Amino acid sequence: MSGGSAANLAVELAGVRFQNPVWVASGTFGYGDDFQTIFDVSRLGAVVTKTLFLGPRDGNPPPRIAEVGGGMLNSIGLANIGWEAFRERKAPWLRQHLPPAQLVVNVAGNTAEEYREVALRVDAARAEVGAAALELNISCPNVNEGGTNIGCDLRLTREVLREVRAVTSLPLLVKLSPNNADLVPFARLAEEEGADGVSLINTLYGMTVDLHSRRPFLGHGSGGLSGPSLLPVGVFWTYKVHQAVRIPIVGIGGIARAEDALQYLMAGARAVQVGTASFLNPFASLEVIDGIARFLDRHRMDLEELIGVAHERRPQNVPAAAAAV
Amino acid sequence: MSGGSAANLAVELAGVRFQNPVWVASGTFGYGDDFQTIFDVSRLGAVVTKTLFLGPRDGNPPPRIAEVGGGMLNSIGLANIGWEAFRERKAPWLRQHLPPAQLVVNVAGNTAEEYREVALRVDAARAEVGAAALELNISCPNVNEGGTNIGCDLRLTREVLREVRAVTSLPLLVKLSPNNADLVPFARLAEEEGADGVSLINTLYGMTVDLHSRRPFLGHGSGGLSGPSLLPVGVFWTYKVHQAVRIPIVGIGGIARAEDALQYLMAGARAVQVGTASFLNPFASLEVIDGIARFLDRHRMDLEELIGVAHERRPQNVPAAAAAV
Amino acid sequence: MGAQKAGAAHEPAAPTCVPGGQIPGSGGRNPAPGGVSLTHAALAGRERVGLDSWFLHFDVPELASRILPGQFLMVGMRPPATFLKRPFSVADAADGRITLLLRSYGEGTLEMSRRRIGDPFELLGPFGRGFRLDAPAARAVMIAGGIGLAPFYILARRLKELPTPPQVWLVYGERSREAVTAGVERVLHFDRVLTYTEDGSAGERGNAVDGFRRLAAAGELTGARLYACGPHRMLEALEVERERLGTPAEYSMEERMGCGFGICQGCAVPANPAHSAQAYHLLCKAGPVMDPTRVLWSHPALP
Amino acid sequence: MGAQKAGAAHEPAAPTCVPGGQIPGSGGRNPAPGGVSLTHAALAGRERVGLDSWFLHFDVPELASRILPGQFLMVGMRPPATFLKRPFSVADAADGRITLLLRSYGEGTLEMSRRRIGDPFELLGPFGRGFRLDAPAARAVMIAGGIGLAPFYILARRLKELPTPPQVWLVYGERSREAVTAGVERVLHFDRVLTYTEDGSAGERGNAVDGFRRLAAAGELTGARLYACGPHRMLEALEVERERLGTPAEYSMEERMGCGFGICQGCAVPANPAHSAQAYHLLCKAGPVMDPTRVLWSHPALP
Ligand SMILES: Cc1cc2nc3c(=O)[nH]c(=O)nc-3n(C[C@H](O)[C@H](O)[C@H](O)COP(=O)(O)OP(=O)(O)OC[C@H]3O[C@@H](n4cnc5c(N)ncnc54)[C@H](O)[C@@H]3O)c2cc1C
Ligand SMILES: Cc1cc2nc3c(=O)[nH]c(=O)nc-3n(C[C@H](O)[C@H](O)[C@H](O)COP(=O)(O)OP(=O)(O)OC[C@H]3O[C@@H](n4cnc5c(N)ncnc54)[C@H](O)[C@@H]3O)c2cc1C
Ligand SMILES: Cc1cc2nc3c(=O)[nH]c(=O)nc-3n(C[C@H](O)[C@H](O)[C@H](O)COP(=O)(O)O)c2cc1C
Ligand SMILES: Cc1cc2nc3c(=O)[nH]c(=O)nc-3n(C[C@H](O)[C@H](O)[C@H](O)COP(=O)(O)O)c2cc1C
Ligand code: FES
Ligand code: FES
């Protein structure tokens, strides 16, 4: 329920009941506590933590963000306080301010073993921190394999999934990278390996060159593109992946308004995540919740009727290899 | 030379001398003649034709374009008049209004054989139409292979390149699709197979759902994303590919102003193509030419000094697998 | 494409290439004959003329002097409020002033309706084939659905300027009294105006096609020439009636437009296979004013 | 992160979670104590005070009442002219009015400088740790480089409101006479103003650090507290001098900011390894006013 709306926004996903389908994306909401002076985070569908590694990471040198047409680039470099510091310093606040079904812990590692290790620790502390699900960020370089991005390699992805799936019974979401020719094989792989859902999409590779210094602007060189530019890309892959797998999809990319979230839901996502939009407007996620409720009210629809509706009466087929142009 | 500028904008690429590095992109300039009432097309570095198939194609049903945050989607569906009609009805006008070194003929087919056939015909008519180079659009579904996008498949790309390279001695540019985990293998393949350069990038897959009809907005379902959103993506791949191959790069994606083109040149492109920007402002390509000339004047630089300069003094390495976030 | 075939006196003056080219971004200064220019103009006037419609005025003498009735402009704001420009029929062009009739509909038009006097706009054009002025009938009957009214101010004006001006009648259908564009009555070029509203709150109850039927039944269309503009469904319904009577006609149509001048191939309108080898016309070049027999009205892709 | 450690009386009031939460988009109405609000405000006043600087005024009593000197706002326009909002120090906050001192620099600030009275803005904040008001010295010496002047109007005002107000001196360095912000003289809170310009066209020739050196040489910094704001290179040069003297100081710094409140991790400033286990401080939370000894001034990534 939201505001004066009659709409029931609750949604079941990966075996968990979320009070609404609007989550906030990893790396764009800190560990939740930065919002303590802004709004009551328990109104959200879920809070996804910044990606946690086993130990802390400093991240990349500045500048770390750049504005580009239609969004921004970031090269934060997965700076995070590490799992143990999270458990000690951040989880208690979240435990107090967030019902247990609303925390999704996002983790990663530099190797498959590191993924397993951090997943194991989250699993062991699941009750203590109140974790509803685990989200795997696989858009990370594998240090053992020349830095290949795990999320762009089916073999490395499978390896990580097996390690993690073996050590946790927490609902498991795999967050897919859009830097691929096709996301369907990754989603199928996730399904095969027992993941409970896929989140998509992470950022696209990007770079901006500073004309004054005549070199890449970001301290790290390149970065990840997020914001409005990602909306049609994320909706596209949501639609495609929905045709291919049965596990639920959490739609991410460029969501700033209820209209954007509705596109993802219609394309087949069971939940969505608001990312970069929270930077410009910290209340964006709440506005998305309220806007979805209003849409359902106005059209006298159930959330369930909305999810995937775009597949039902499409005028033309989206061809198997949706080659555009 | 441009306007009152002292800058020499001429650039050698794939064995051809172009009077300046600013071209107009395939599918965003028709066959040139639509500009006859707008400006003198001979001022451009080159005109790249709409992709020509052997025979005419009607294209996709409407709506064919949609506006999205940071750009647009199109699902034109490679509508074109076909090579023969081009040769008869369009080439004479181009021949008259464009010096021979300024026409790049962009071609494609539904199979490797069709690619060969159309390339063969262009080669045979090269003097008649005044073709300076051939650009291969490989972002096309292969009808013999379940519609797999050729440009997302190394094997299919190699097959097309071999067929085409065998039948033409025209300078050959291969236009890469960004819908891939990595563009470097495609650029390397192009180099191996004797291409004279790569053009990058084509459009990214995208979709937008119409909240009123609750179905994909475009008649075709999905489309190709172009415009400002592509700028950081194209610059990123230009930079990466420049590190990996020796054949020249033509940078494409989101170029609307000289500043955008300068980013590509600094990242290593020897020429650029202005695409969607011509829709909003048909004079965009001329403004880019003038702006580059002004930049060179102001900084007393040669175009050659500019090309690839961002690689020379970068503060940090862009790691092999430029994993962002 | 289709555009090439339909050569006639009403098409834009034969284009010539300007040697040396246009000064970029300043096309307004020195356009080729029949040429396209990008004119930077401040909003010179703004009148609300209905619930969600406005006249927007721009003082752009050079551009105004080149407009043919039925032609359109691609209109943008500075800084741009939408990525693409929006197509607008020129509602009037006289005394160095161009007038648009704007209906606020979506993001772009809403933003346009909020702009204030002095705010900067970009006007790109003129584009397209307008109405024929070389085949006047004794009576010009204009059928306007909603904002489809726009091109008829200038068409009526130009018809009245002909050596032997026709009678000009307007059949205008709207949703309701509030929606009715007050400007209709202000223009002196219409000899007769029949207003219809869906709820009967102004004029007769009904729509513009009902008006056509009434004129037809009264035998008042004999010797008339029809000019229609409105939503696709209205034109489709009208065409069924018109075909029976065989009244000569031109319809101004709408389709999403990316560029306005033939390069994006976005504005495809299904072609009548009986009259065309190709599946689609590009509306921005072949139209926006079309011979209705060239269109496949029943195509499933049309709205 | 670093922010947690530096608890002191000058940090924003201890945050409390508002049960029931904020009304989205209307945060201005009911912010938590020390809370962040998104205030929609029309530009209430605009004064050009130098070649490329302006005062922008907003009448936002609720927000104005909560500003601590040295805090900043993330400022956006409606419709947004840039994707991200831009960080601005609050230059003054009194009588329900917030004043920003704007220097037009790039796309966003240029567009801001063109906005007219009545145009809609979004003010998000207040953010960050400001200057300490609990450790006043007998003499407050403010060193401003260019637009680094901004936070010193409000700082001077608030220092003068203390029970035992310090003397307030300003050392202000600018490029040239034209660039000098005329507003400096208008504010009564400065007891002494030393102006420097690079070309000597106003005040002394030199920069703000030269001013510091002069005061140091004259022994006028004994017992003083230093407050500095300006470009990174200026602060770095200043720090070399200051360290020698050991004058207690606070520097307001700049870094690219994506959010302003700790969630994007964009605003990393290299930390002095002698005082910190982590490599970077997040400037928006740990600053923008920093104890200069906590910063690694020589880091190659800094501009
Ligand atoms: C030749 C022509 C002449 C026109 N003349 C007028 C006129 O004189 N007065 C007037 O008020 N309107 C006119 N229209 C319609 C007007 O262009 C649309 O209302 C406008 O584009 C809607 O933009 P939006 O941002 O408000 O809507 P949105 O729905 O937000 O626009 C989204 C996209 O759809 C396109 N679009 C939306 N509706 C239409 C439509 N009906 N036709 C074509 N594209 C559309 C937009 O251009 C944009 O690309 C004309 C359209 C055409 C094709
Ligand atoms: C805490 C803080 C307080 C500030 N206070 C003021 C003030 O009171 N008055 C004033 O005129 N300016 C102030 N600035 C600087 C001001 O934010 C920049 O001038 C502005 O962001 C430039 O935006 P632009 O669009 O004009 O420039 P662009 O170069 O087009 O901006 C591109 C990007 O770089 C960022 N950026 C550019 N310059 C800076 C900079 N110096 N610091 C941080 N980010 C930058 C922008 O935010 C944007 O993300 C402050 C900066 C910070 C961090
Ligand atoms: C500054 C920033 C930091 C991010 N950090 C992470 C991260 O730590 N882990 C992760 O899985 N995704 C991270 N992301 C990606 C977002 O979660 C999201 O997938 C992406 O930004 C697309 O959504 P958006 O367009 O709504 O921002 C980050 C994005 C941004 C902008
Ligand atoms: C409407 C439209 C049609 C296009 N048609 C083609 C085409 O026929 N062949 C091709 O190789 N690329 C085509 N493209 C892609 C462009 O050439 C270019 O690669 C892409 O749009 C990115 O550049 P931009 O962002 O500057 O538009 C088309 C793009 C658009 C927008
Ligand atoms: S609008 Fe671009 S071709 Fe017609
Ligand atoms: S500006 Fe986002 S964390 Fe500091």
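Not measured: the values here are computed from a predicted model.
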Requested in this report: Kindly write out the residues that satisfy side chain to side chain donor-acceptor pair (under 3.5 Å) with A:Asp210, not counting sequence neighbours, or none if the list is empty.
Outcome: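 Scan of A:Asp210 (side chain to side chain donor-acceptor pair (under 3.5 Å), adjacent residues dropped) gives A:Ser213.
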
Query raised in the report: For A:Met72, is it the side chain, the backbone, both, or neither that has a heavy atom closer than 4.5 Å to a heavy atom of chain B?
Result: neither

**Report entry** Residue A:Val233 versus chain B: region with a heavy atom under 4.5 Å
**Finding:**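 Interface part for A:Val233: both.
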
Rounded distance [0.5 Å steps], [atom1] in [X] versus [atom2] in [Y]:
{"X": "B:Asn149", "Y": "A:Asp182", "atom1": "CG", "atom2": "CG", "value": "10.0 Å"}
{"X": "B:Lys240", "Y": "A:Tyr205", "atom1": "NZ", "atom2": "OH", "value": "7.5 Å"}
{"X": "A:Ser229", "Y": "B:Leu225", "atom1": "OG", "atom2": "CG", "value": "7.0 Å"}
{"X": "A:Leu231", "Y": "B:Met207", "atom1": "CG", "atom2": "CE", "value": "12.0 Å"}
{"X": "B:Arg214", "Y": "A:Glu312", "atom1": "CZ", "atom2": "CD", "value": "10.0 Å"}

Report summary line: Correct closest heavy-atom pair for A:Gln263 and B:Val209 would be OE1-N, 2.9 Å

Query raised in the report: What part of B:Phe295 is in contact with chain A, defined as an atom under 4.5 angstrom from a non-hydrogen atom: side chain, backbone, both or neither?
Result: side chain

Report summary line: Okay, B:Leu73 and chain A: the region with an atom under 4.5 Å from a heavy atom over there is side chain

Report summary line: With chain A, the option among B:Asp260, B:Leu211, B:Val68, B:Leu306 that has the most non-hydrogen atom pairs under 4.5 Å is B:Leu211

Query raised in the report: Who among A:Gly69, A:Pro232, A:Gly234 has the most heavy-atom pairs with chain B under 4.5 Å?
Result: A:Pro232

Query - Leading residue by heavy atom contact count with chain B [cutoff under 4.5 Å; candidates A:Ile150, A:Thr51, A:Val235] - result: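 Of the options given, most contacts go to A:Val235.
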
**Report entry** All pairs passing salt bridge (Lys or Arg N to Asp or Glu O under 4.0 Å) where residues 65-76 of chain B contributes a residue, at least two apart
**Finding:** B:Glu67-C:Arg86

Report task. Would you check if A:Tyr239 and B:Pro216 make a side-chain contact, meaning some heavy-atom pair closer than 4.5 Å? Result ->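 A:Tyr239 vs B:Pro216: side chains touch.
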
